[in-house]
Amino acid sequence: MRPDTPAENVDHTAEAARLERTAGLYPEDAEALLLQAAAHRELSGDRAGATALYDRLLSSAESLDTPHLVRALKASNLWEYGHEAEARAIIDGIRASAPRDPAPWVIVAEALETHDELEQAEKTFTEGVRLLLTDVAEPPYATHPLLFGRHRVRRMLGAAHDDWDVTADALHSSPVSLDELHDPKRVWSLGSDNPAELAAEISRLRAELGTYREALSRPFPVAVLHWPTTELTELLAAYPALAAEYPSHEEHLTVIEASLRELAASGTPNLGIVTGTVPSYEAFAASESTSPSDPNLLPQYATTLAARGRAVAWPPQRGAACWCGSGVAYGGCHGTSEPHTGI
């Protein structure tokens, strides 16, 4: 589906079937493709079909990149068509496993919120925030929905602002404050006969729409391409012309970290890293009718991998392993001024 296709003009059943066929052709991208297909199944009303796709992923012999995300989506979907007990059990399991990815926390918390479990939703948002953002100076872009969702639920509960709510306010870029957007009394103004109240609500809705558009305009991270040492050795042996791009593996890793820090310093949000393989790169070059020796193909390859859901968020969450594959925590590897060489 083209990104500019209006949602009402989409045949979700046909799009899901197309994505499922594509997943069969490209097994390395099956996880991302089948998650998209499941979303279309849900939108078409075929929630049982969506659950079947989530189960297909979870029972796959291939290890998943985002197993907690798949379980969270399954739980949210199950609850929507009457399987509350199973959904709650999955949600409890996700909370107990404490994933380091913010997305599962947001999905299960919003599922609880949707079904008026506001206290449990607030607890879930808070658990995720404490796990992922304690002692983190600048919350990564991917964690913003976690903070905003927590702020929203706490506002509905009438809870007093705390430090995390202040952080959410500071990260929010819309001209209308989070307090106003999350005001539980907003719904009253929709039935008001007062033109001033209706005008104010229209202004808030426009601000909210602007925030959603901003998020949708960057559906996948700005990603930098990373080659593991064995892959880079194979790449340069096959295509020596690329040696000018990669003088050494150690310098390659240093350039990645420096580039990402420069992007972050410039205010670019939602940064990530994609890991390349030679067979995948060659297949991409063939699809573009371009020689793999062309260095201009490298950033296009990185963008394509990110669009397929292959990007890993940068910087890694607190305590997580470094992106370079050294096995050392990021804070003791490329998160310092003297990083390890990686693998």
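Scope of the values below: all heavy atoms of this structure, side chains included, with no hydrogens, waters or symmetry mates. Sequence positions, counted from 1, serve as the residue numbers for this chain.
- Within the 4.5 Å cutoff, the side chain of R88 has no heavy atoms near those of the H115 side chain.
- Although no hydrogens or angles enter the test, the distance criterion places a donor-acceptor pair under 3.5 Å between the side chain of T51 and the main chain of R47.
- In this structure a side-chain-to-backbone donor-acceptor pair under 3.5 Å is missing from S280 to T277.
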For this session: Just do the side chain to side chain contact (heavy atoms under 4.5 Å, CB included) check on E245 and L298 with the steps written out, would you?
Result: CA-CA 10 Å; E245 301 293 320; L298 297 168; 4.1 Å; yes
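- Closest of all the heavy-atom pairs between C322 and S326 is CB-OG, 4.1 Å.
- Here the OH-OH distance, from Y239 to Y246, works out to 13.5 Å after rounding to the nearest 0.5 Å.
- Between R18 and D11 there is no salt bridge, since none of the side-chain N atoms of the basic residue sits less than 4.0 Å from a carboxylate O of the acidic one.
- No side-chain heavy atom of M156 sits under 4.5 Å from any side-chain heavy atom of E122.
- The cluster map of Ile, Leu, Val, Met, Phe, Trp and Tyr, joined by side-chain heavy atoms under 4.5 Å apart, puts L78 and L43 in different clusters.
- Heavy atoms only, all atoms of each residue included: P316 and W323 are closest at CG-N, 4.3 Å.
- In this structure a side-chain-to-backbone donor-acceptor pair under 3.5 Å is missing from D46 to R41.
- Note: the hydrophobic cluster containing W105 also contains L147 (ILVMFWY, side chain heavy atoms under 4.5 Å, direct or indirect links).
- In this structure the side chain of Y54 reaches within 4.5 angstrom of the side chain of L35, judged on heavy atoms.
- The backbone N or O of W227 sits less than 3.5 Å from a side-chain atom of H249, completing a donor-acceptor pair.
- Residues F148 and V136 are members of one and the same hydrophobic cluster, defined by side-chain heavy-atom contacts under 4.5 angstrom among Ile, Leu, Val, Met, Phe, Trp and Tyr.
- The line from OH of Y281 to CG of L242 is 5.5 Å long, rounded to the nearest 0.5 Å.
- Of all the heavy atoms in A72 and V108, the pair that sits closest is CB-CG1, 3.7 Å.
- Checked by atom type and distance alone, the side chain of T143 never pairs as donor or acceptor with a backbone atom of L146 at under 3.5 Å.
- With R150 as reference, D165 is the one residue of D165, D163, D169 to meet the salt bridge (charged side-chain N to carboxylate O under 4.0 Å, His left out) rule.
- For an aromatic pair to be called close, the ring centres must be under 6.0 Å apart, and H151 with H161 satisfies this.
- A donor-acceptor pair under 3.5 Å is formed between the side chain of R310 and the backbone N or O of E28.
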Problem set entry | Intermediate values then yes/no, side chain to side chain contact (heavy atoms under 4.5 Å, CB included), H40 and T13 | CA-CA 7 Å; H40 282 286; T13 300; over 6 Å; no
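- A donor-acceptor pair under 3.5 Å links the side-chain atoms of E31 to the main chain of D65, judged by distance alone.
- Not a single donor-acceptor pair under 3.5 Å links the side chain of S76 to the backbone N or O of L73.
- Put simply, the side chain of Y301 does not reach to within 4.5 Å of the side chain of V274, judged on heavy atoms.
- Using a 4.5 Å heavy-atom threshold, the side chains of P67 and R71 count as touching.
- The CG atom of D55 sits 12.5 Å away from atom OG of S60, with the distance rounded to the nearest 0.5 Å.
- Residues W164 and L157 fall within the same hydrophobic cluster, defined by Ile, Leu, Val, Met, Phe, Trp and Tyr side chains chained together at heavy-atom separations under 4.5 Å.
- With contacts defined as side-chain heavy-atom distances shorter than 4.5 Å, the pair H226/H252 qualifies.
- Two residues are said to be in side-chain contact when any heavy atoms from C-beta on lie closer than 4.5 Å; L34 and L19 fail this criterion.
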For this session: Decide side chain to side chain contact (heavy atoms under 4.5 Å, CB included) for E138 and L171; before the verdict, give the C-alpha distance in whole Å, the side-chain angles of both, and the deciding distance to 0.1 Å.
Result: CA-CA 10 Å; E138 183 67 26; L171 291 171; 3.9 Å; yes
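- The heavy-atom pair separating L260 from L271 by the smallest distance is O-CD1, 3.6 Å.
- Using a 30° and 60° split on the angle between ring planes, H83 and Y81 fall in the perpendicular class, above 60°.
- In this structure, the side chain of R154 engages the main chain of A160 through a donor-acceptor pair within 3.5 Å.
- Summarising the geometry, atom CD belonging to E257 is positioned 9.0 Å from atom SG belonging to C333; distances are rounded to the nearest 0.5 Å.
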Exercise. Can I107 and I94 be said to form a side chain to side chain contact (heavy atoms under 4.5 Å, CB included), step by step?
Worked result: CA-CA 11 Å; I107 291 165; I94 291 171; over 6 Å; no
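- Nearest heavy atoms, A302 versus L225: CB-CB, 3.9 Å.
- The CG atom of L53 sits 7.0 Å away from atom CG of L57, with the distance rounded to the nearest 0.5 Å.
- Rounding to the nearest 0.5 angstrom, the gap separating the CG atom in L131 from the CZ atom in R100 is 4.5 Å.
- Looking at E86 and W79, their side chains never come closer than 4.5 Å, going by heavy atoms from C-beta outward.
- Here the closest heavy-atom approach between residue E20 and residue A37 is recorded as CG-CB, 3.9 Å.
- At a threshold of 4.5 Å between side-chain heavy atoms, the hydrophobic network of Ile, Leu, Val, Met, Phe, Trp and Tyr places L232 and L305 in one connected group.
- In this structure, the side chain of T304 engages the main chain of Q300 through a donor-acceptor pair within 3.5 Å.
- The pair E127-K123 fails the salt-bridge criterion, with no side-chain N (NZ, NE, NH1 or NH2) lying under 4.0 Å from an Asp/Glu carboxylate O.
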